[in-house]
Amino acid sequence: MVETGHKFHDNVAKNVTWAHWFTFFNIIAISLISLRYIAYSGLADTGLGITYQFISLIGHFSFLAAVVFGILLFPLAFLISNNLIYRLVSILIATTAITFLIVDTQIFRLYEFHLNPLIWQFLQKPEQVEEIYSINLHYISIPITFALEAFFSIILWKKVRHIHAKQIGKPIALFLFASFVLSHLVYIWADATQYRPITHQRSLYPLSYPMTARTFLTKQGWLNEDAIQKSELNALGTNPKVLNYPLQDLTYAAEPTVSANYNILLVNVESLRADMLNPQNMPHLQTLSDTAINFKNHFSGANNSAQGVFSLLYSLPNSYWDDITDNHIAPVFMTKIVEEQRPIGLFSSIGFVHPEFLQSSFSQLKQAPKVYYSDAANNNQVVQQWEEWIKTQQQDTPWFAYVYLEQQNDHLFAQPTKKTIPEQTEQLTLYQSQVHAIDAKIQRLIDSLKAQKSYQDTIIVITGTNGQSFKEQNTNDTLISGASVPMVIVWPDKLPRTIYEMTSHVDLMPTLMQDVFGVENPTNQFSSGYSLFTKQDRDFVLSGDSNNFVIYENRRITQFSGNGDIDSIDWQGNYIEQNADNDASNITLLIDVLSKLRRFNQK
């Protein structure tokens, strides 16, 4: 570069030009490294999905590199006058970024999370996490990365004038910018139409936040939600082998179990708090529980009704919700019910088009014989249709029935606005009256069984989909009450008793699969639970939703999210301050949780 008398400006110009090409070199490097995300997650199921994987990779990491250039490299060109020091600082920045990227790819391979404060705690204590040793070994890449960055920075410094003269910078920049914009536009379309091969990639890359506009498009009348939902529900799963579920083919005992010929009635009450099981609010169920097996410390697998149903019928954590509902993977329990050709009765006033039913739990019933779907508008009609259906069943043929009893005003209880004490009291009163009415419906179900002389031949399971809080959402009360539900089981050949150990929705299907169908596989090959009748020294139960996981222990409740946020409270709702002992305990606990969240993923 020719000296012009403005040495400072010429020096800055040369540094900025070099930094442009140095950034482009690093875009190539990080894009190649980031191919590991695609390798670990697998290619999308369609050509368009695969194309989006690569376009979004180029666009996303080009944008991140541009941000680093704009925030760090460009200003530093004005602050550091020495060319050598400027390039050394730039090399250090690039080496640090690439090192974090390499470590993040390994974190993603192991846990399908990206690097966050929680995972960072893991990295600081490798002696507690055997897998972390393999991650920390990647720090050996630091000197190699630094050497490569230094080598190419020298070449670029020598060739910068020649490369700049070719005038290829603008076409390259336009291509990268177009990839970034196109990736977001395509995701807007995919989100609006629920095109799963693309929407599944939302969290594929670190710091990725694809743009959505579904609400805006709906308001403008350009998007029909009903049509999209109908199309999604009728669509076949694109990749039913996305999960390794069950881990092994299930085998069954040659001799039938004592309970093999029992009917199975599963009554699922929407948003039913555990403390509602008392003589005042649910007198009939309370009386029944005195002659049944009553689980007093039971938790739903979710703090919402949809995923509560999911956890009950699959016995899996909610981390599998998307893969199962998007690909219409049936639970092993329903697969066995269909194989046995049991008559199936499904009763609900909310219909069965919701993802927890049509896209998952009952997705295979379209081809199954002897399936009855109720067409009810309220709980009273649900029970009436149940009573009619049960009269048509043969005494010598065991059947399965699922009854979903709705909370008519559940939408009022779930409002996120802050509620005053009078409002909370008013809603609690309304809720109690609804629960009392539901209790009467449950008694009618029991009376119908007795009238048909089927009571002594029926396993009856009565539980809630999830708990309920009457305070503002996202409060400690929501954590405490969100998953605590009653669980009452009437089992003809088992003695009544009260069980105080912690139990979970994920324990029901292992119980039925073992005690009714005689499955011989270990329960961890097809669920995350244990048999309810096998005493387990369980340290915790897992609940929450797709984004936040809640861990219930005897002395505390811990919530953590995929972005690394973690909080613990006691059962009175008081925050537990974090210290070295708590951190070590959290890490040990979360390692166990993460293993459950990944067990059935394809390796």
Side-chain angles (χ1 to χ4, degrees), residues 245-246 264-274 277 285 293-295 297-321 324-325 329-337 344-348 350 352 354-365 400-407 410 438 442 459-468 482-491 499 502-517 523 526-533 541-546 550 552 596 600:
Y245 167 79
I264 301 173
L265 169 61
L266 178 51
V267 182
N268 219 177
V269 181
E270 187 175 51
S271 304
L272 181 61
R273 291 169 60 108
L277 182 52
L285 185 57
I293 307 170
N294 188 2
F295 297 86
N297 198 14
H298 188 81
F299 296 86
S300 170
N303 54 22
N304 60 82
S305 59
Q307 292 176 342
V309 172
F310 173 85
S311 66
L312 188 68
L313 290 169
Y314 281 88
S315 292
L316 295 176
N318 295 320
S319 57
Y320 300 103
W321 164 266
I324 283 177
T325 56
I329 301 172
V332 293
F333 170 75
M334 290 305 303
T335 299
K336 184 60 177 175
I337 291 287
I344 299 171
L346 306 177
F347 303 87
S348 166
I350 67 170
F352 291 98
H354 300 281
E356 64 269 29
F357 298 133
L358 188 59
Q359 288 179 248
S360 52
S361 303
F362 307 138
S363 58
Q364 68 184 147
L365 299 187
F400 167 74
Y402 177 83
V403 178
Y404 185 98
L405 296 176
E406 179 187 10
Q407 295 281 0
D410 189 57
I438 288 173
I442 293 174
I459 297 169
I460 306 168
V461 180
I462 303 172
T463 188
T465 60
N466 60 295
Q468 180 63 63
S484 183
V485 296
M487 169 69 89
V488 176
I489 298 180
V490 177
W491 200 297
I499 295 177
M502 295 179 72
T503 56
S504 169
H505 271 11
V506 299
D507 300 330
L508 179 62
M509 290 308 137
T511 306
L512 296 175
M513 292 293 287
Q514 286 186 341
D515 287 43
V516 177
F517 301 120
T523 59
F526 60 88
S527 78
S528 293
Y530 312 96
S531 171
L532 289 165
F533 305 129
V541 296
L542 180 63
S543 187
D545 55 34
S546 298
V550 182
Y552 292 94
K596 292 181 182 297
F600 297 99

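Positions are given from 1, in the same order as the sequence printed here.
- Shown here for G529 and S527, the closest heavy-atom pair between the two residues is N-OG, 3.2 Å.
- Annotation: the span from L508 atom CG to L313 atom CG amounts to 8.0 Å, rounded to 0.5 Å.
- A donor-acceptor pair is defined here as one N or O able to donate and one able to accept, closer than 3.5 Å; such a pair exists between the side chain of S360 and the backbone of P355.
- Taking both residues in full, the closest heavy atoms of N466 and A302 are given as CB-O, 3.5 Å, listed atom of the first, atom of the second, then distance.
- Of the residues listed (V461, D507, I293, D515), the one engaging L532 in a side chain to side chain contact (heavy atoms under 4.5 Å, CB included) is D507, and it is the only one.
- Expressed to the nearest 0.5 Å, how far OG1 of T463 lies from CE of M487 amounts to 4.0 Å.
- Contact check for L277 versus L285: side-chain heavy atoms found under the 4.5 Å cut-off.
- When all heavy atoms of V506 and S528 are compared, the pair lying nearest together is CG2-O, 3.9 Å.
- Within the 4.5 Å cutoff, side-chain heavy atoms of M513 are placed close to those of V332.
- Between S361 and E356, the shortest heavy-atom distance links the atoms OG-O, 2.8 Å.
- Taking CZ of F299 as the reference point, atom CG of L542 lies at 12.0 Å (rounded to 0.5 Å).
- Between N303 and D545 there is a side-chain heavy-atom pair separated by less than 4.5 Å.
- Among Y245, F526, Y320, the single residue meeting the side chain to side chain contact (heavy atoms under 4.5 Å, CB included) criterion with Y314 is Y245.
- Here the side chains of N294 and I499 are not in contact, with every heavy-atom distance at 4.5 Å or above.
- To the nearest 0.5 angstrom, H298 atom NE2 is 6.0 Å from S504 atom OG.
- What you find for V541 and T503 is that their closest heavy atoms are CG1-O, 4.1 Å.
- The structure places CZ of F362 at 6.0 Å from CZ of F352, a figure rounded to the nearest 0.5 Å.
- Summarising the geometry, atom CE belonging to M334 is positioned 9.0 Å from atom OG belonging to S363; distances are rounded to the nearest 0.5 Å.
- Aromatic ring centroids of F333 and F400 lie under 6.0 Å apart.
- Aromatic ring pairs are classed by plane angle as parallel below 30°, tilted from 30° to 60° and perpendicular above 60°; the pair F357 and H354 is perpendicular.
- For S315 against M509, the heavy-atom pair with the smallest separation is OG-CB, 3.1 Å.
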